[in-house]
Amino acid sequence: MTLQDTGLAAYNFAYLDEQTKRMIRRAILKAIAIPGYQVPFASREMPMPYGWGTGGVQVTASIIGPEDVLKVIDQGSDDTTNAVSIRKFFEKTAGVETTTRTGEATVIQTRHRIPEAPLKEGQVLVYQVPIPEPLRFLEPRETETRKMHALEEYGLMHVKLYEDIARNGHIATTYAYPVKVEGRYVMDPSPTPKFDNPKMDNCAALQLFGAGREKRIYAIPPYTSVVSLDFEDHPFEVNRFEQPCALCGAEGVYLDEMILDDKGGRMFCCSDTDFCEERRGEAESVSASNGEIV
Amino acid sequence: MQIPNGLDGQGAERHGRDKPLLSVSGVSHYYGDRIGCRNVSFTLYPGEVLAIVGESGSGKTTLLNCISTRMEPTTGEVTYRFRDGSVKNLYRMGEAERRFLMRTDWGFVHQNPADGLRMTVSAGANVGERLMAVGERHYGRIRETATDWLTKVEIAADRIDDQPRAFSGGMRQRLQIARNLVTHPRLVFMDEPTGGLDVSVQARMLDLLRGLVADLGLAVIIVTHDLAVARLLSHRMMVMKDGEVIETGLTDQLLDDPQAAYTQLLVSSILQV
């Protein structure tokens with residue numbers, strides 16, 4: 001059943017009108033041309049509140065085509081409210097195929113995680129960004145932060161890291177950890193855990209960042225250098241976990257803590273649900289082919 | 001009358017000491033129809049301390065802002081001699097270069113320390129910011145330098161992780177001075193650095209400043225309405241009234257034998273205790 005059959009006014013493909021999409025595409029092209037630079041764009045009202053991914057949705061709507069396969073994750077998970085709603089939104093307004101499989105998707109919209117499975121050429125990762133300006137909490141004036149970016153005055157960013165070490169003895173920033181893109185712009189990687197920062201470096205996929213409320217788009221083209229800021233005597237380190245995933249046994253992945261009961265019971269399992277499920281599926285088929293009873 | 005080192009002898013033989021560090025010629029600034037400052041010219045030599053005095057509204061701060069690149073003058077030129085000996089017109093330089101100069105070779109001490117400090121980051125980070133801005137990326141070294149400078153300005157080293165919010169007015173002002181001097185600037189601008197401090201704190205502050213200026217061979221342009229401050233710190237003085245310079249000269253000469261009527265009034269207005 002098409003929308004016309006319902007008697008409702010039809011949406012344009014992927015909700016946004018074509019002029020808006022052109023405007024956003026121009027911003028995206030500029031963002032790709034200047035890696036890490038925040039391009040202002042005329043962010044639209046979307047049928048969802050600010051903070052729920054309006055920036056990411058607008059970017060996705062502007063780049064998605066009928067042949068695309070969309071995956072949406074929220075904190076690594078395919079089945080939380082935000083992910084399910086946005087996936088349904090595009091199923092309804094664009095009629096595109098959706099998936100939870102990282103490998104099958106051509107466009108992946110994400111809230112605060114990068115999938116564990118390595119991304120491939122041709123894939124696009126769209127981040128939802130709440131506050132695009134890495135210097136914001138240190139310098140409240142937008143006029144000043146823009147000037148600082150323009151003149152490459154990034155001493156202040158290290159002041160933040162200095163404060164971290166002075167207070168905690170180590171760099172305690174664990175998410176939205178500032179990076180330098182292609183040796184020029186300092187960029188906020190959106191509130192992804194710093195565990196994911198190394199995945200941004202020299203990534204085969206195109207990475208696009210949309211901040212709807214703040215009206216900014218920025219990008220990391222494929223195979224671009226992304227370096228996490230640090231001190232010589234306090235180098236950048238990713239989060240470490242003491243145990244493997246309780247469900248699939250994966251090591252070296254980002255884990256979520258799950259509270260199991262109110263008696264202190266908990267477990268740690270993959271935050272990337274698709275990665276975890278695929279691993280468990282493989283393990284089952286292996287044991288099945290070995291003739292074991294599963 | 002005691003004159004701090006500078007004009008005479010000491011260090012004059014060092015390279016470039018005999019050439020002006022900063023030359024100001026014909027600087028005027030208008031706020032619409034109103035005059036901020038008009039047709040001010042002077043030269044400043046390395047290691048020299050120049051005081052600009054005058055009552056409030058006389059254009060002292062406007063002039064200071066014009067020569068420290070914080071505000072573009074309506075007309076006039078300001079040239080500065082860089083460490084490599086090249087002389088450049090400040091307002092012909094790119095903004096990036098100007099801002100770099102501001103945070104390396106220059107310092108600016110505000111009257112209100114809150115304007116010159118980052119109140120929400122620790123004292124150590126306040127001092128270290130300039131080092132990080134010029135590319136220092138070693139935490140241990142930054143901290144060591146910061147501790148060293150805090151000691152120099154008489155702030156206990158164990159206050160390094162406190163925010164300036166927790167400091168008294170005098171301590172904040174000293175911290176601001178440390179923050180400015182950490183990159184070993186050659187020229188420091190001060191706008192009423194002792195304003196708002198009580199007299200005993202002011203006296204210690206002046207003592208400290210005088211020591212630092214002499215030790216580091218700083219050139220300083222200090223704006224003040226307090227003639228006692230000018231007398232203690234400066235070698236030369238400029239008296240301003242209604243946006244114009246009405247008298248210049250050596251500090252002791254000018255204070256002991258004022259020529260212009262207004263300067264005479266100013267000098268005689270000092271409360272004799």
Side-chain angles (χ1 to χ4, degrees), chain A residues 34 36-37 131 133-173 176-181 183-186 194 197 225-237, chain B residues 69-70 72 93-104 106-107 114-147 149-150 155 157-166 175 178-180 182-183:
Chain A
I34 317 171
Y37 171 72
I131 296 167
E133 179 52 72
L135 301 161
R136 177 60 64 239
F137 292 110
L138 301 153
E139 175 53 66
R141 291 167 294 177
E142 174 72 13
T143 49
E144 187 65 16
T145 53
R146 280 185 160 203
K147 201 168 269 180
M148 290 161 85
H149 281 295
L151 302 177
E152 223 180 326
E153 279 182 15
Y154 290 132
L156 198 54
M157 208 66 249
H158 273 86
V159 169
K160 182 176 186 273
L161 301 179
Y162 171 97
E163 282 290 277
D164 255 13
I165 304 173
R167 278 189 206 153
N168 307 298
H170 60 98
I171 298 177
T173 303
Y177 192 104
V179 294
K180 194 164 214 178
V181 182
R184 176 60 181 81
Y185 282 95
V186 165
K194 68 177 171 184
N197 276 16
S225 106
V226 176
V227 179
S228 304
L229 301 180
D230 58 5
F231 284 104
E232 287 160 19
D233 46 347
H234 286 269
F236 172 79
E237 280 175 356
Chain B
T69 73
R70 291 159 56 81
E72 194 159 351
M93 290 172 7
E95 189 171 11
E97 209 181 345
R98 220 155 49 205
R99 283 172 66 120
F100 184 74
L101 180 71
M102 273 299 264
R103 59 172 196 265
T104 52
W106 287 11
D115 296 339
L117 293 173
R118 289 193 191 279
M119 298 304 276
T120 52
V121 304
S122 69
N126 262 294
V127 178
E129 182 179 343
R130 274 177 164 232
L131 295 173
M132 295 183 243
V134 295
E136 176 63 89
R137 293 287 178 266
H138 191 282
Y139 175 81
R141 278 202 300 267
I142 293 169
R143 205 164 165 81
E144 203 176 304
T145 315
T147 315
W149 269 100
L150 289 182
I155 295 174
D158 63 355
R159 301 298 299 269
I160 189 168
D161 291 331
D162 291 353
Q163 292 186 0
R165 284 193 290 204
L175 178 62
R179 171 182 161 92
N180 273 290
V182 69
T183 48

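Naming: A, B, ... by sequence-line order, numbering from 1 per chain. For the numbers below, each heavy atom of this structure counts, side chains included, while hydrogens, waters and symmetry mates do not.
- Residue B:R143 comes nearest to A:A166 through the heavy atom pair NH1-CB, 3.9 Å, listed as atom of the first residue, atom of the second, then distance.
- Interface residue A:H158: backbone and side-chain heavy atoms are both found under 4.5 Å from chain B.
- Atoms CZ and CD, from A:F231 and B:E136 in turn, are 8.5 Å apart once rounded to the nearest 0.5 Å.
- By number of non-hydrogen pairs under 4.5 angstrom with chain B, the leading residue of A:K147, A:E139, A:R167 is A:K147.
- No option in A:D233, A:L161, A:I171, A:D164 other than A:D233 meets the side chain to side chain contact (heavy atoms under 4.5 Å, CB included) test with B:Y139.
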| Candidate pair B:R99 and A:E152, rule salt bridge (charged side-chain N to carboxylate O under 4.0 Å, His left out), full reasoning | CA-CA 11 Å; B:R99 283 172 66 120; A:E152 223 180 326; over 6 Å; no

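- With a threshold of 4.5 angstrom between heavy atoms, B:I160 approaches chain A through side-chain atoms but not through N, CA, C or O.
- A:E153 has no carboxylate O lying under 4.0 Å from a charged side-chain N of B:R130, or vice versa, which leaves the two without a salt bridge.
- Residues B:R118 and A:L156 approach most closely at NE-CD1, 3.2 Å, considering heavy atoms.
- With a 4.5 Å cut-off on non-hydrogen atoms, B:Q163 touches chain A through its side chain but not through its backbone.
- With contacts defined as side-chain heavy-atom distances shorter than 4.5 Å, the pair B:R141/A:E232 qualifies.
- A:E163 CD to B:T120 OG1: the interatomic distance, rounded to the nearest 0.5 Å, is 8.0 Å.
- Note that the CG atom of A:L151 and the CD atom of B:E97 stand 11.5 Å from one another [nearest 0.5 Å].
- A 6.0 Å sphere centred on CZ of B:F100 holds no more than 12 heavy atoms belonging to other residues, nucleotides or ligands.
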